[in-house]
Amino acid sequence: MSDGRIVFKKPSEDIDTVTSAVLEEREDAGAVDDAAISQNVVHNPYLTMSIQKQRNMLPISKHKNQVLYALQKYRTVVIVGETGCGKSTQVPQFLMEAGWCADKRVIGITQPRRVAAVTLATRVADEQLCRLGSKVGFVVRFGGVTSDDTVIQYMTDGILLREMSADPLLLKYSVIMVDEAHERSVNTDLLLALLRRLQKVRYDLRVIVSSATLDAAYFRQFFELNETSDESKNTAVILSVEGSTYPVEIFYVEQPVPDYIKAAMTTVLRIHTKESSGDILVFLTGMDEVEAFCKELIEYSKKLQNVDRLWVVPMYSGLTQREQLRAFDSTPFGQRKVVVATNIAETSVTIPGIAYVVDCGFVKMRIADPANGIESLMLVPVSQAAADQRAGRAGRLRAGKCFRMYPEAEYKKLLTATVPEIQRCHLAPVILQLKTLGVANVVKFHYLARPRVKALATGFDLLHALGAVDNEGALTNPLGLKMCTLPLPPMHAKVLLSSEQFGCSEEILTILAMMQIQEPFDIPKNARHNAELTKREFSVAEGDHLTLLNVYHSFIKNNKSQKWCNQVHVNFKGLCRAENIRQQLKAYLKKNGMKMVSCKGLIGETERVRRCLLCGFFTNVARYGHDGRFHTIYETTSYAVYKGSAMMYRDKMPKWVVFTDVLQNSIRDISEIDPDWIQEVAPNFYDFGTNREVAAARGADRTREYESLADLN
DNA sequence: GAGCACTGC
């Protein structure tokens, strides 16, 4: 390439020579980070050093020449670096300084989380002594800070996927670095597969796969698969960058424990009395477990005599940022901090100074039933990789200890790695996404991890029933094409696109936005009774969806006041997010040429809304049974009603409902429906008729459909 | 009396 890029020689054995440009030391180093820290949960242990010193401290800086040499020679480079080695911040700067941004070409770095994209960009802009948004910028949903000068762009992986559907060749980029590839999220898996595909057309595009674990061999093999070029220009190179961690000693229980919470409690108390000082991190599986555990631990610590007190911050995503930040407070002298967390502490949040980890060995995971595609939250054993990740959290300060609440034999039986998300999620959104990007044969696509054919078939079934794909599996025009443009899963998208014909797009827009937030109500533990009463006042007999509409309307009527939210126990942060999402969706609808119409005050007002919901969620229909549970149409599953549902306020349960969210054994976000509507909105999905007719027709049809899938164009 | 891992467009 003759663009004036500096050419690097293959590094000799002494790769310790660092040749980075010397920047002037600044006294206000980290000032921008302070702003970021106040917003996000981030910790920088080197905050007091000058920026250049901080950069040189990072293990990756020793490998600068190696990285540049590899990227010059190979089209794909896999960098394995432990967390904190500096790869996410330094590699893009190495590349820019080496001329990879000539002609304003951009180095793109993708992150699985928004916070990471923002903080990394802020940090790198600071290191480059430039304003955020000039040379260094970021893009996330609902905005970003970039300009024409931006050559290092941090973004969420979802953003790059969106960008690919607008510009399939990604011409503005010279290098794309997919960070945290080891997490194996749907987005990172798709990105890697798509980039590999793209490299066959764009020979000049460089891809960096950045991973924290030794899955590198797998990534390498993937990028080399079926390469015919004998020049082996595409060969990925593996660089191993050490982090700064200490060994962790693992302890197991001798016998399986019947109650891991009790076992964890005993273990924490034993660590406290028998082990030297050092903070403890306890991994449990859910918010309730965490809260109950904390409460009990505080009780114990009060009773302990002649022993220093335990200082207990629960940590899970439902907490506000302020509450989460408490886990970062330094431990008062003579006390011992115990952080009780969900798996948020596995990846999203790193708590410094942990010397002991207590691991319950389980995790709550969203898993789709391949037969019907319904996703629910299941309690499953962790994988060995996840258990090791948890244990590793004890070795960041000094040599640590990890106590597992299961015997060693059980550990050996665990899966070595967590099943990639793409193999356990509902595939309809994935299929839709691939179709948008011009992947004609989604069944034969070169996945990083191949999903089950049965799951693909279920995905196609749903898309077909929704009218998004035709009999050949191609996107329909205009419905399928429009569904692709919306930042919503297919069922939600269908509801939204149908809302105009039901005359209720304003209402549906609100309900869908509200469905995206986790919990509209904020019920404090000390005022539960009072909160329940106010919550009840928002409730609507027809169900949760109209209740959500009610809450949002009241929020707007009260000028989006935080004070009002606190008084009536409505989640202020959540409602603000819902408003944001609503605006974004509204903009998409306008772009699609849809009219905003409201059914307010019209005859059959709530019926329109519920019919419209059924239009997308007809798979999630259930009938009330004598056993007090709701049964799906083919009796494959039955569910209890979630205790927080507005349905609980009714004297009598409705006979038929549609639900839009499933927990492990219960359904929530439920609305009453009339079974006659089902045939109207989804005439082909269910078999209507006597049991015998149905059984005969169904078996034959479905089998044929699955068999033909492998040949879908 | 009992309940909702974590992200993202």
Side-chain angles (χ1 to χ4, degrees), chain A residues 41 110-117 139-144 155-166 180 183-191 283-292 315-319 324 341-349 360 362-367 375-380 382 386 389-390 418 421 424-425 429-430 432-433 436 483-490 492-493 512-513 515-523 525 528-529 532 544 571 574 577 580-581 584-585 587-588 639-645 648 661-669:
Chain A
V41 184
T110 70
Q111 293 294 325
R113 285 166 287 277
R114 293 158 52 102
V115 190
V139 186
V140 294
R141 189 184 187 180
F142 306 127
M155 63 199 131
T156 43
D157 37 32
I159 289 281
L160 191 64
L161 279 170
R162 290 249 137 197
E163 203 174 323
M164 273 184 113
S165 55
E180 315 286 4
E183 287 187 17
R184 302 301 305 272
S185 70
V186 168
N187 281 356
T188 53
D189 265 24
L190 280 187
L191 266 181
F283 280 101
L284 297 181
T285 69
M287 174 186 98
D288 272 25
E289 270 180 25
V290 167
E291 288 292 351
M315 172 65 100
Y316 50 89
S317 78
L319 294 173
Q324 286 191 15
T342 60
N343 48 336
I344 190 175
E346 232 173 84
T347 51
S348 309
V349 160
C360 74
F362 285 89
V363 66
K364 271 185 184 152
M365 209 180 259
R366 207 167 250 290
I367 296 174
E375 291 180 331
S376 55
L377 217 48
M378 309 279 278
L379 188 67
V380 295
V382 293
Q389 171 80 12
R390 289 177 174 191
T418 306
E421 196 186 359
R424 53 184 164 83
C425 71
V430 176
L432 213 51
Q433 196 143 29
T436 325
M483 279 170 70
C484 293
T485 67
L486 289 170
L488 287 174
H492 298 68
L512 285 172
M515 277 163 63
Q516 313 284 305
I517 66 173
Q518 274 136 345
E519 182 57 71
F521 294 101
D522 212 356
I523 312 264
K525 270 152 215 80
R528 183 154 292 196
H529 184 65
E532 285 293 335
D544 296 297
N571 179 354
R577 208 174 102 80
N580 249 334
I581 295 171
Q584 196 196 21
L585 293 178
Y588 272 99
Y639 299 103
V641 175
Y642 176 68
K643 293 288 192 292
S645 167
M648 297 308 275
D661 200 6
V662 188
L663 312 174
Q664 190 157 17
N665 298 309
S666 55
I667 48 177
R668 74 169 202 177
D669 289 351

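By convention in this document, chain letters (A, B, ...) are assigned in the order of the sequence lines, proteins followed by strands, and residues within each chain are numbered from 1. Keep in mind that the numbers below use all heavy atoms, side chains included, and drop hydrogens, waters and symmetry copies.
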Using a 4.0 Å heavy-atom cut-off across all strands, classify [X] as base, sugar-phosphate, or nothing.
X	value
Arg113(A)	sugar-phosphate
Gln516(A)	base
Gly644(A)	nothing
Leu377(A)	base
Val140(A)	sugar-phosphate
Asn187(A)	nothing

[N] [atom2] sits how many Å from [X] [atom1], rounded?
X	N	atom1	atom2	result
Met365(A)	dC6(B)	CE	P	13 Å
Met164(A)	dC9(B)	CE	P	17 Å
Phe142(A)	dT7(B)	CZ	P	15 Å
Leu161(A)	dC9(B)	CG	P	11 Å
Glu346(A)	dT7(B)	CD	C1'	13 Å
Asp661(A)	dG3(B)	CG	P	16 Å
Tyr639(A)	dG3(B)	OH	P	16 Å
Leu190(A)	dG8(B)	CG	P	17 Å

Among the nucleotides [options], which one has an atom lying closest to any side-chain atom of [X]?
X	options	result
Ser348(A)	dC6(B), dC9(B), dA2(B)	dC6(B)
Lys643(A)	dC6(B), dC9(B), dA2(B)	dA2(B)
Asn343(A)	dC9(B), dT7(B), dA5(B)	dA5(B)

Step-by-step salt bridge (Lys or Arg N to Asp or Glu O under 4.0 Å) determination, Arg184(A) to Asp157(A): CA-CA 12 Å; Arg184(A) 302 301 305 272; Asp157(A) 37 32; over 6 Å; no
Within the structure, does a side-chain N or O atom of [X] lie under 4.0 Å from either OP1 or OP2 of [N]?
X	N	value
Ser185(A)	dT7(B)	no
Lys364(A)	dA5(B)	yes
Thr342(A)	dC6(B)	yes
Arg114(A)	dC9(B)	yes
Ser666(A)	dG3(B)	no

Residue met sooner reading DNA chain B from 5', once Asp288(A) and Gln111(A) are mapped to nucleotides: Asp288(A)
Residue whose closest nucleotide on DNA chain B lies nearer the 5' end, Arg424(A) versus Gln584(A): Arg424(A)
I'd like to know if the side chain of [X] reaches the main chain of [Y], judged simply by a donor and an acceptor atom lying under 3.5 Å from each other, with no hydrogens or angles considered.
X	Y	result
Arg577(A)	Ile517(A)	no
Gln389(A)	Glu346(A)	yes
Asn571(A)	Glu519(A)	yes

Val139(A) and Arg162(A), any side-chain heavy atoms less than 4.5 Å apart: no
Salt bridge flag under 4.0 Å for residues Glu183(A) and Arg113(A):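 Yes, Glu183(A) and Arg113(A) are salt-bridged.
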